[in-house]
Q: 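Attaching a single structure in structure tokens format; questions to follow.
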Amino acid sequence: MGAGLVLALLLTALPQGRAVYRMELAGQPLGVVTLEIACPGAACAVRWLSAQRLPAEAGGAVVERRVELEVDAEGRALGPARITEAGVTRQVTLPPGAVPALLVEAVLEQRLREKVGPAGPPAAGASACLDAADEQTGAPLRACGRHQAGKLRVDLGNELEWVKMGADGLAEDVDLPGQRARFLRDPRAAVPASPPRLFGVEVVGPARPKLGKSFCGVGRDPVPPVVHALLPPPRADGASCREQTADWLGRARAAGFRGRTAVGVAWSGTAWAWHAWAEVRLDEAWVPIDPSFGQAPARSPRFTLATWEGEDEPARAEAGRRILACWGRVHVEP
């Protein structure tokens with residue numbers, strides 16, 4: 001081993017290697033993520049590759065993203081992040097000295113280990129903090145970590161992570177309870193062959209539905225008025241809320257009413273969840289009808305993200321984009 005390589009290894013606090021993760025949302029496999037760190041000198045090249053399948057309501061396609069960075073021996077960015085999506089590469093400027101968010105767990109673990117030496121146990125009560133940045137947007141973040149209950153607790157901005165670290169210094173299991181997302185190290189991880197389920201997937205939010213005020217920038221729907229007595233009863237056939245909504249809309253149209261599909265998040269009676277329901281045009285207003293919940297009008301608290309009527313494909317495509325923008329990233333805000 002040459003003296004230059006020895007010096008590089010001594011200077012490098014980052015772990016090196018390659019880790020493959022299975023990406024999950026609410027227990028459903030979505031895709032695969034690969035993290036690669038190589039430090040041939042005093043600087044390290046970092047690459048993050050992800051491929052995930054979207055739910056059918058957001059198009060069902062596989063979305064790929066590549067993030068490339070150069071960082072110093074302490075994990076601090078030496079230049080912009082290069083993000084490639086759909087064949088287009090953009091550069092994101094990161095604050096000077098900031099650790100990219102995708103490296104926060106490894107850097108915090110290293111700093112905590114330095115407090116007790118490489119062979120020592122996690123320091124009880126010890127904590128470490130650092131300046132970080134979202135490599136997708138460049139937004140600055142503050143990250144702090146400490147060992148708790150046998151795991152590394154990471155507070156990254158407003159997000160909480162529970163991380164099980166591996167012997168090689170890379171994460172084995174990253175749990176983000178606020179997003180119901182999880183990354184599990186799995187060398188056999190792959191993109192699922194079929195789109196993951198959307199409707200019925202729970203969303204984090206207040207346990208008391210009255211406290212839910214907004215979701216993904218959308219305010220809570222107002223309380224609907226009384227509906228027309230000649231509407232079909234709020235019951236329909238189907239194995240899912242989407243099928244039941246389609247069946248009920250068919251009955252409503254046959255009875256002479258104009259209707260459309262609505263998608264968003266609703267209170268199921270026990271939790272917030274992605275949901276679909278109908279809206280019918282009555283007296284110059286759209287009134288929600290929920291055949292899955294047997295409600296006419298729909299009175300369970302809900303947030304309507306998008307609607308489309310009949311064969312309006314542009315509106316359906318816009319609904320898919322809206323779902324994608326909010327899927328797995330946000331929760332119901334009080």
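Predicted model only: the values in this text are computed from it and were never measured.
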Q: Give the table of side-chain donor-acceptor pairs shorter than 3.5 Å for residues 193-210, with sequence neighbours excluded, one pair per line with atom names and distance.
A:
unit_1, atom_1, unit_2, atom_2, d
Arg197, NH1, Phe199, O, 3.2

Q: Can you tell if the side chain of Pro100 reaches within under 4.5 Å of the side chain of Val71, non-hydrogen atoms only?
A: yes
Q: Quiz question: by atom type and distance under 3.5 Å, do the side chains of Thr307 and Glu279 form a donor-acceptor pair?
A: no
Q: Let me confirm one number: the CG-CG distance from Asp131 to Leu94, rounded to the nearest 0.5 Å.
A: 12.5 Å
Q: Name all residues meeting the ring-ring contact (aromatic ring centres under 6.0 Å, His included) criterion together with Trp286; count only those two or more places apart in sequence or in a different chain, and write none if there are none.
A: none
Q: Partners of Trp277 by ring-ring contact (aromatic ring centres under 6.0 Å, His included), sequence neighbours excluded?
A: His275
Q: Donor-acceptor pair, distance only, cut-off 3.5 Å: does the side chain of Tyr21 make one with the backbone of Leu35?
A: no
Q: Name the residue from Phe303, Trp272, Phe215, Phe293 that meets the ring-ring contact (aromatic ring centres under 6.0 Å, His included) definition with Trp267.
A: Trp272
Q: Glu309 and side chain to side chain donor-acceptor pair (under 3.5 Å): which partner among Arg316, Arg281, Arg258?
A: Arg258
Q: Is the side chain of Asp221 donor-acceptor paired with the backbone N or O of Thr304 at a distance under 3.5 Å, no angle test?
A: yes
Q: Working to the nearest 0.5 Å, report the span between CZ of Arg53 and CD of Gln28.
A: 13.0 Å
Q: Between Phe257 and Trp248, is the ring centroid distance below 6.0 Å?
A: no
